[in-house]
Amino acid sequence: MTFIRRILTPIKIIKTHKILTAIVFIILTVAIYFLYPKPPKAIAIQTVKSADFVQSISVSGKIDSLESVNLTFQTSETLSYVGVKEGDLVKKWQLIASLDQDQLQASLRQAEQDFIAGKAASQQYYDDHTNATESDAEKVERTTIDATQNKAYDQIVKVRHDIANSSLYSPIEGIVTKMGAKTAGQNITAATVFSIANPNKLGFLMDVNEADVSKVREDQPVSISLDAYADSPLKLSVSKIDFLTHVTTTGGNAYTVQADIPSNPDLRYRIGMEGNATIITATEKNVLSVSISSITDNNYVYVKNSKSLYEKKKIRLGIQNDTDSVVKEGLSAGEQVVLDPTQIPQNLIVKTPAK
């Protein structure tokens with residue numbers, strides 16, 4: 001009976017003091033969590049292997065035409081003819097649009113009449129003043145007559161030029177991408193633009209920042225993933241690197257790098273398509289490499305030895321990419337390198353004897 005009483009007594013206390021019991025339980029749980037020895041945190045390592053190494057630059061860009069023209073009339077007039085619309089394929093020297101010839105011809109006739117009248121007035125003046133000394137007033141008269149004649153002549157030249165350029169012809173084969181005026185009867189100005197782009201001469205244009213452009217060379221491979229065709233990457237090569245820098249939208253300096261698109265079947269690729277590109281700037285065969293995160297103090301890494309301790313080793317680095325670096329000297333294949341040296345407990349680091 002006494003034994004049973006001893007067992008039931010704590011149970012009665014727990015039932016009677018539920019809140020106190022809960023508090024004690026929480027305190028014990030926290031104490032055990034903080035005081036109980038924890039297993040050491042695993043240290044991430046990388047086994048050094050020999051493999052091919054690729055150095056690359058990742059950039060964004062978009063498709064643009066490498067052969068395009070913006071056509072404009074050189075005078076303000078009314079359109080009498082429009083022969084194409086946006087999206088049409090045009091041949092080289094095909095007529096795009098023409099101005100009203102009636103008004104231009106009327107302007108030419110008026111200029112010619114003004115010139116004839118000015119010439120007659122000039123001839124009459126010189127006939128009336130043969131071997132005569134001009135007064136100041138007569139000099140002014142002669143100057144005015146000559147100026148009127150010259151102005152009329154200049155107007156003839158201008159109108160003839162306007163007539164010769166009153167029709168727009170496409171100097172290239174391509175697609176009409178913009179029509180500043182779409183129907184006859186519209187008044188146009190020198191700011192009215194008709195644009196044509198050759199769909200078979202396209203390129204992917206990339207902004208490479210100033211810090212990376214020295215690595216880029218013509219003929220380097222470029223892999224492009226267009227947003228419109230993410231599953232069908234384009235395999236191109238660098239065809240041109242701009243000599244002049246420009247300021248990007250973020251305020252940095254960059255150079256435009258161009259990769260020509262050799263063909264455009266079924267007009268698959270279109271101006272303005274955006275995407276991401278990888279430019280392969282260097283490759284090395286069968287070399288050792290380590291993660292950049294493993295490198296500390298510029299050219300050191302920690303290597304795990306046979307006693308599960310970590311030794312600091314000096315290495316000589318080669319080319320790098322965004323994540324890894326080639327190791328020229330200091331490591332051998334099969335060695336285990338710590339990926340994050342800050343994870344190593346101080347008691348596991350082999351102390352290097354002072355020199």
Side-chain angles (χ1 to χ4, degrees), residues 54-72 82-97 168-182 193-210 212-213 215-250 252-283 321-322:
V54 176
Q55 182 190 68
S56 62
I57 298 173
S58 297
V59 293
S60 59
K62 63 181 179 180
I63 292 176
D64 202 355
S65 176
L66 304 180
E67 185 179 68
S68 61
V69 292
N70 292 320
L71 305 176
T72 60
V82 177
V84 296
K85 61 182 182 297
E86 289 182 4
D88 281 356
L89 283 167
V90 297
K91 296 180 179 179
K92 189 174 183 178
W93 303 126
Q94 181 174 331
L95 179 62
I96 304 302
L168 290 183
Y169 297 89
S170 174
I172 63 170
E173 178 181 314
I175 293 177
V176 179
T177 57
K178 180 179 180 180
M179 292 289 292
K182 300 181 179 181
V193 178
F194 302 81
S195 301
I196 299 168
N198 190 337
N200 296 311
K201 291 188 177 180
L202 301 178
F204 190 78
L205 305 184
M206 304 158 276
D207 276 350
V208 176
N209 66 52
E210 189 174 3
D212 291 328
V213 75
K215 303 173 187 175
V216 182
R217 299 284 185 274
E218 290 187 7
D219 298 326
Q220 287 175 339
V222 182
S223 178
I224 299 168
S225 176
L226 294 172
D227 296 343
Y229 304 111
D231 297 330
S232 304
L234 273 168
K235 302 297 182 181
L236 306 177
S237 60
V238 174
S239 56
K240 181 183 176 183
I241 306 166
D242 272 4
F243 187 74
L244 179 65
T245 185
H246 65 271
V247 179
T248 66
T249 54
T250 58
N253 289 332
Y255 292 82
T256 299
V257 174
Q258 175 181 311
D260 294 350
I261 299 175
S263 62
N264 190 17
D266 303 321
L267 303 183
R268 175 182 176 86
Y269 305 116
R270 298 171 182 268
I271 295 172
M273 284 185 173
E274 297 183 338
N276 298 311
T278 301
I279 305 173
I280 307 301
T281 55
T283 56
N321 58 26
D322 293 338

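Positions are given from 1 along the sequence.
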>> So Val82 and Met179, do their side chains get closer than 4.5 Å, heavy atoms only?
In response: yes

> What closest approach, in Å, do Val257 and Ile279 show between heavy atoms, and which atom pair accounts for it?
Replying inline: CG1-CD1, 4.5 Å

> Mind checking whether Val54 and Asn321 have side chains closer than 4.5 Å, heavy atoms only?
Replying inline: no

> For Ile172 and Ile196, which heavy atoms make the closest approach, and how far apart are they?
Replying inline: CD1-O, 3.8 Å

>> A side-chain contact here means heavy atoms from C-beta on lying under 4.5 Å apart; do Ser65 and Leu202 qualify?
In response: yes

>> Minimum heavy-atom separation for Phe204 and Met273, please, with both atom names.
In response: CE1-O, 4.4 Å

>> We want to know whether Asp219 and Ser237 form a side-chain donor-acceptor pair, criterion being a heavy-atom distance below 3.5 angstrom.
In response: no

> Which heavy-atom pair separates His246 from Thr256 by the least distance, and what is that distance?
Replying inline: CE1-OG1, 3.1 Å

> Taking atom NZ of Lys62 as the centre, does the number of heavy atoms from other residues, nucleotides or ligands within less than 6.0 Å exceed 12?
Replying inline: no

> Has the side chain of Asp260 got a donor or acceptor atom that lies under 3.5 Å from a matching backbone atom of Pro262?
Replying inline: no

> Does the side chain of Ile175 reach to within under 4.5 Å of the side chain of Leu267, using non-hydrogen atoms?
Replying inline: yes

> About how many Å separate OG of Ser263 and CG of Asn200, when rounded to the nearest 0.5 Å?
Replying inline: 8.5 Å

>> Tell me if a side-chain donor or acceptor on Glu67 pairs with a main-chain N or O of Gly174 at a distance below 3.5 Å.
In response: no

> After noting the C-alpha distance and the side-chain angles of Asn276 and Ile224, does the key distance pass the side-chain contact (heavy atoms from CB on, under 4.5 Å) rule?
Replying inline: CA-CA 6 Å; Asn276 298 311; Ile224 299 168; over 6 Å; no

> Between Asp88 and Lys85, is there a donor-acceptor pair closer than 3.5 Å when you use the side chain of the first and the backbone of the second?
Replying inline: yes

> Heavy-atom distance under 4.5 Å between the side chains of Met206 and Ile57, does that happen here?
Replying inline: no

>> Does Thr281 form a side-chain contact (heavy atoms from CB on, under 4.5 Å) with Gln220? I'd like the steps, not just the answer.
In response: CA-CA 6 Å; Thr281 55; Gln220 287 175 339; 4.0 Å; yes

> Atom CG in Leu234, atom CZ in Arg268: separation rounded to 0.5 Å?
Replying inline: 7.5 Å

>> Looking at every non-hydrogen atom in both residues, tell me the closest pair between Ile280 and Ser56 and how far apart they are.
In response: CD1-CB, 4.0 Å

> Taking all non-hydrogen atoms of both residues, which atom of Glu86 and which atom of Lys178 are closest, and how far apart?
Replying inline: OE2-CA, 3.7 Å

> Donor-acceptor pair, Asn264 side chain versus Tyr269 backbone, under 3.5 Å?
Replying inline: yes

>> Quick one, Ser223 with Lys235, criterion side-chain hydrogen bond (donor to acceptor under 3.5 Å, both in side chains). Give me CA distance, side-chain angles, the key distance, then yes/no.
In response: CA-CA 5 Å; Ser223 178; Lys235 302 297 182 181; 3.1 Å; yes

> Once you round to the nearest 0.5 Å, how far does OH of Tyr169 lie from CD1 of Ile96?
Replying inline: 10.0 Å

> Between Gln94 (side chain) and Ser170 (backbone), is there a donor-acceptor pair under 3.5 Å?
Replying inline: no

> Between Asn198 and Leu66, is any pair of side-chain heavy atoms under 4.5 Å apart?
Replying inline: no

>> If we check side chain to side chain contact (heavy atoms under 4.5 Å, CB included) with Asp207, which of these qualifies: Asp242, Thr248, Val213?
In response: Thr248

> Quick one: does Ser58's side chain get under 4.5 Å of Thr278's, heavy atoms only?
Replying inline: yes

> Do the side chains of Ile63 and Arg270 get nearer than 4.5 Å, heavy atoms only?
Replying inline: no

> Are the side chain of Thr245 and the backbone of Ala254 linked by a donor-acceptor contact shorter than 3.5 Å?
Replying inline: yes

